[in-house]
Protein chains: 2
Amino acid sequence: MKFSKKSEYALRALIELTGQYGQPPLQRHEIAKRQQIPIEFLEQILLTLKNAGLLGSRRGVTGGYSLIKPPQDITLGQVIRILDGPLAPIGCVSKTAYQKCSDCPYSEKKNCPIQNAMLGVRNAIADILDNYKLSDFASGHCKRAHA
Amino acid sequence: MKFSKKSEYALRALIELTGQYGQPPLQRHEIAKRQQIPIEFLEQILLTLKNAGLLGSRRGVTGGYSLIKPPQDITLGQVIRILDGPLAPIGCVSKTAYQKCSDCPYSEKKNCPIQNAMLGVRNAIADILDNYKLSDFASGHCKRAHA
DNA sequence: TAAAACTTGACTAATTCAGTTTAGAATGAA
DNA sequence: TTCATTCTAAACTGAATTAGTCAAGTTTTA
Ligand code: FES
Ligand code: FES
């Protein structure tokens with residue numbers, strides 16, 4: 001149940017880019033240095049985020065990466081789904097990538113006890129991550145797990 | 001962020017064993033057949049659960065596996081931790097297997113925005129799974145993610 | 001005693017993870 | 001124009017994990 005290093009690095013890089021929002025682009029080597037991320041690996045991650053439509057980039061000597069949308073319009077849920085896939089702990093409760101459990105004997109009858117439990121888990125995770133925005137990073141804001 | 005097949009099979013096997021609690025042990029081939037799990041793989045899982053103190057077993061012709069504790073004393077959290085390790089999405093928010101983030105620049109100052117967010121996630125997951133008992137499976141009980 | 005059942009450990013193929021390498025294309029300063 | 005700087009794209013790698021499989025036991029009891 002761990003997030004990959006990619007997701008972690010992505011979030012760390014996005015913290016830097018959030019701080020730079022509205023200013024000139026930030027270069028990969030600057031992000032890598034500040035966050036201690038292997039630069040070539042970071043590159044891969046930034047490209048993925050760019051292709052997913054979160055970042056823009058400019059080449060050449062004054063180039064770099066920058067957020068393409070305001071930080072309050074990007075959620076942690078989006079970022080993590082891009083790099084790690086669906087949030088759900090099991091395919092049959094994913095909203096963004098549902099997959100029927102081929103071998104679960106309760107699958108057909110829609111009364112699977114495991115599905116029941118895991119749906120709660122997936123919703124709890126998504127409720128937090130889909131409401132936590134990049135802008136909340138800057139403010140040190142902390143969403144509560146349960147009121 | 002997916003659970004492994006091991007955890008899934010373990011829970012499915014435990015549903016069967018919960019139904020059998022207080023009665024003679026259930027044999028692995030019976031569990032495998034009812035839940036459509038490859039028998040040698042199931043064996044591995046049952047052994048792990050046994051070594052973790054959840055199951056007992058008897059050998060020989062009338063043998064099999066059985067729960068060693070009442071179903072209301074075993075939580076999904078316990079089971080999943082045995083097979084998949086800690087529930088936390090990142091080492092620095094795990095209560096059962098804490099690990100410092102060696103390369104996170106905020107790690108020292110205890111003001112890591114990622115840690116903040118992920119602690120919420122880990123607590124939400126643990127709140128559900130550590131309160132969901134095997135006995136809740138039988139009753140079709142569904143813990144709500146958020147009141 | 002022999003069949004049925006659990007026990008142990010090693011083995012494997014396929015995939016994923018974390019990262020590296022290589023080659024190329026755009027930008028802008030000299 | 002030329003050239004260093006920067007991003008782009010893809011293939012490549014070694015280690016670890018996943019999901020099983022296999023073989024050779026030991027224990028129990030009919
Ligand atoms: S239907 Fe998905 S685990 Fe049962
Ligand atoms: S301290 Fe763990 S991610 Fe920052």
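By convention in this document, chain letters (A, B, ...) are assigned in the order of the sequence lines, proteins followed by strands, and residues within each chain are numbered from 1. These numbers were taken from a predicted model, which means no experiment stands behind them.
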field: Nearest-nucleotide pick for A/F41, side chain only, options being C/dT7, D/dT21, C/dT20
entry: C/dT20
- request: Measure from CD1 on A/I45 to P on C/dT20 and round the result to the nearest Å.
  value: 12 Å
field: Rounded distance (Å) that lies between atom C1' of D/dA19 and atom CG of B/L83
entry: 13 Å
query: Can you check the B/E40 CD to D/dA23 C1' distance for me, whole Å?
result: 11 Å
query: Is it true that B/K100 and B/E108 have a side-chain N and a carboxylate O under 4.0 angstrom from each other?
result: yes
field: Between CG on residue B/L26 and CD on residue B/Q20, distance to nearest 0.5 Å
entry: 4.5 Å
- prompt: Would you find more than 12 non-hydrogen atoms of other residues, nucleotides or ligands less than 6.0 Å from B/K69 atom NZ?
  reply: yes
A/R58 CZ: over 12 foreign heavy atoms closer than 6.0 Å: no
query: Rounded to whole angstrom units, what separation is found between the CG atom of A/L42 and the P atom of D/dT8?
result: 12 Å
- prompt: Touch check for B/Q27, heavy atoms < 4.0 angstrom, all strands: base, sugar-phosphate only, or nothing?
  reply: sugar-phosphate
Grab the N/O contacts between the protein and nucleotides 25-27 of chain C below 3.5 Å, and write none if there aren't any.
residue : atom : partner : partner atom : Å
C/dA26  : O4'  : A/R59   : NE           : 3.1
C/dA26  : O4'  : A/R59   : NH2          : 3.4

Separation of D/dT18 P from B/K2 NZ (nearest whole Å): 13 Å
message: On the nucleotide C/dA5, are OP1 or OP2 found under 4.0 Å from the side-chain N or O atoms that B/S57 carries?
response: no
- request: Nearest 0.5 Å please: distance from the CE atom of A/M118 over to the CD1 atom of B/I128.
  value: 9.5 Å
message: Would you say that more than 12 heavy atoms from the other residues, nucleotides or ligands in this model lie under 6.0 Å from the CD of A/Q99, or not?
response: no
- request: Would you mind reading off the distance between A/E43 atom CD and D/dT8 atom P, rounded to a whole angstrom?
  value: 7 Å
Side chain of A/P38 (C-beta onward), nearest among C/dG19, D/dA9, C/dA5: C/dG19
- prompt: Salt-bridged, B/E16 to B/R12, with N to O below 4.0 Å?
  reply: no
task: Provide, to the nearest angstrom, the distance between the CG atom belonging to A/L47 and the P atom belonging to C/dT20.
output: 16 Å
field: Phosphate OP1/OP2 of D/dA19 contacted by B/Y9 side-chain N/O (<4.0 Å)
entry: no
task: Please confirm whether any donor atom in the side chain of B/Q44 sits under 3.5 Å from an acceptor in the base of D/dT21, or the reverse.
output: yes
message: I want to check one thing: is the phosphate of C/dT7, taken as OP1 and OP2, less than 4.0 Å away from some side-chain N or O of B/K50?
response: yes
Separation of atom CE in B/M1 from atom C1' in C/dT16, rounded to whole Å: 17 Å
- request: Apply side-chain hydrogen bond (donor to acceptor under 3.5 Å, both in side chains) to B/Y65 and B/E30, showing your working.
  value: CA-CA 10 Å; B/Y65 291 90; B/E30 186 60 28; over 6 Å; no
field: Minimum heavy-atom distance between A/L42 and A/A32, given as atom pair plus value
entry: CD2-N, 3.6 Å
statement: Terminal axes of the helix from C/dT1-D/dA30 to C/dA30-D/dT1 (5 end pairs apiece), angle rounded to 10 degrees, sit apart by 0°
query: Which class fits the ring pair B/Y132 and B/F137: parallel under 30°, tilted 30 to 60°, perpendicular over 60°?
result: tilted
